[in-house]
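Take a look at the structure set out below.
In each ligand, atom 1 is the first atom listed, and ligand 1 is the first ligand listed. Counting from 1, the numbers follow the sequence of the chain as shown.
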Amino acid sequence: MRSETALRERMAEHGKALFDRGLTFGTAGNISVRLDDGWLLTPTNSCLGRLDPARIAKLDDQGRLLSGDPPSKEAFMHRAVYEERAGAGAVVHLHSTHSVAVSCLHGIDPANVLPPLTAYYVMKIGTLPLVPYFRPGDPALGEAIREHIAKTPAVLLANHGPVVAGKSLDDAMYATEELEETAKLFLLLQHHRTRPLTPEQIEDLRAHFPS
Ligand code: 13P
């Protein structure tokens, strides 16, 4: 694992890259990284484009603040992911526009929101359950995601945005970006006849790129 200092710097780098590309804005979104002795989480009401690595919150396994600025109001949600996914090293939550747009659509399949349009979407996300709407910061949201996030690395919060876990911060970030681009493709293809990947093609991907 990278050192805590390097991980703090990487969180700020990724936050700035997300902000510069319009994938986050204002004070939306939060990022966490698991450490050997707790975890790091972006401060509440912080702009991900301007994170100060030294002020990122450090929490213990029970979610108590050890150092840094007060953590994101979604701390319980990140903690729920780490508790349900032993292999998760990082969690990214955004309000990225296309994913949020999909989360507001009427009639989407709550068991799996997006079709398997491309190989990279299948490889990095695969299945995307929709979690019902809860107010940001409502502890019930943490409980609501548990059953899903135990089985899939990503969920979509209704009228809110994606939550994506990865083995490392880079993995979580790249999967989040893949999800956002697939949501964009899905919206571009609305009212067009589409040809998603077939079950055989998906099987072939799973065999060659096991997660
Ligand atoms: P925080 O500023 O508390 O992290 O909340 C931002 C957010 O994305 C809420 O969903």
Do Gln201 and Val122 come close enough that some side-chain heavy atom pair is under 4.5 Å? no
Numbered atoms and elements of ligand 1 in range of His95, under 4.0 angstrom, heavy atoms: 7 (C), 8 (O), 9 (C), 10 (O)
Answer yes or no: does atom CD of Glu13 have more than 12 heavy-atom neighbours from other residues, nucleotides or ligands under 6.0 Å? yes
Suppose we measure from atom 5 (O) of ligand 1 to each protein heavy atom; which comes out shortest, and what is that distance? Lys73 NZ, 3.0 Å
In terms of residue, atom name and distance, what is the protein heavy atom nearest to atom 9 (C) of ligand 1? Glu74 OE2, 3.3 Å
Taking the six-membered ring for Trp, are Trp39 and His78 parallel (under 30°), tilted (30 to 60°) or perpendicular (over 60°)? parallel
Thinking salt bridges, do Lys124 and Glu177 make one under a 4.0 Å N-O criterion? no
Please indicate whether Tyr120 has more than 12 foreign heavy atoms, meaning atoms of other residues, nucleotides or ligands, lying under 6.0 Å from its OH. no
Atom 4 (O) of ligand 1: nearest protein contact (heavy atom, Å): Ser72 OG, 2.7 Å
Can you list the ligand 1 atoms lying under 4.0 Å from a non-hydrogen atom of Thr27? 2 (O), 6 (C)
Could you tell me whether Gly29 and ligand 1 have an N or O pair separated by under 3.5 Å? yes
Which bit of Asn30 gets closer than 4.0 Å to ligand 1, counting heavy atoms only: side chain, backbone, both or neither? side chain
Among all protein heavy atoms, pick the one closest to atom 3 (O) of ligand 1 and tell me residue, atom and distance. Thr44 OG1, 2.6 Å
Residues Lys184, Glu180: salt bridge by 4.0 Å N-O rule: no
Is the backbone N or O of Leu128 less than 3.5 Å from a side-chain atom of Asn112, with the two atoms forming a donor-acceptor pair by type? yes
Atom indices of ligand 1, in the order listed, that fall short of 4.0 Å to a heavy atom of Asn45: 1 (P), 2 (O)
Where ligand 1 meets His93 - atom numbers and elements under 4.0 angstrom, heavy-atom basis: 8 (O), 10 (O)
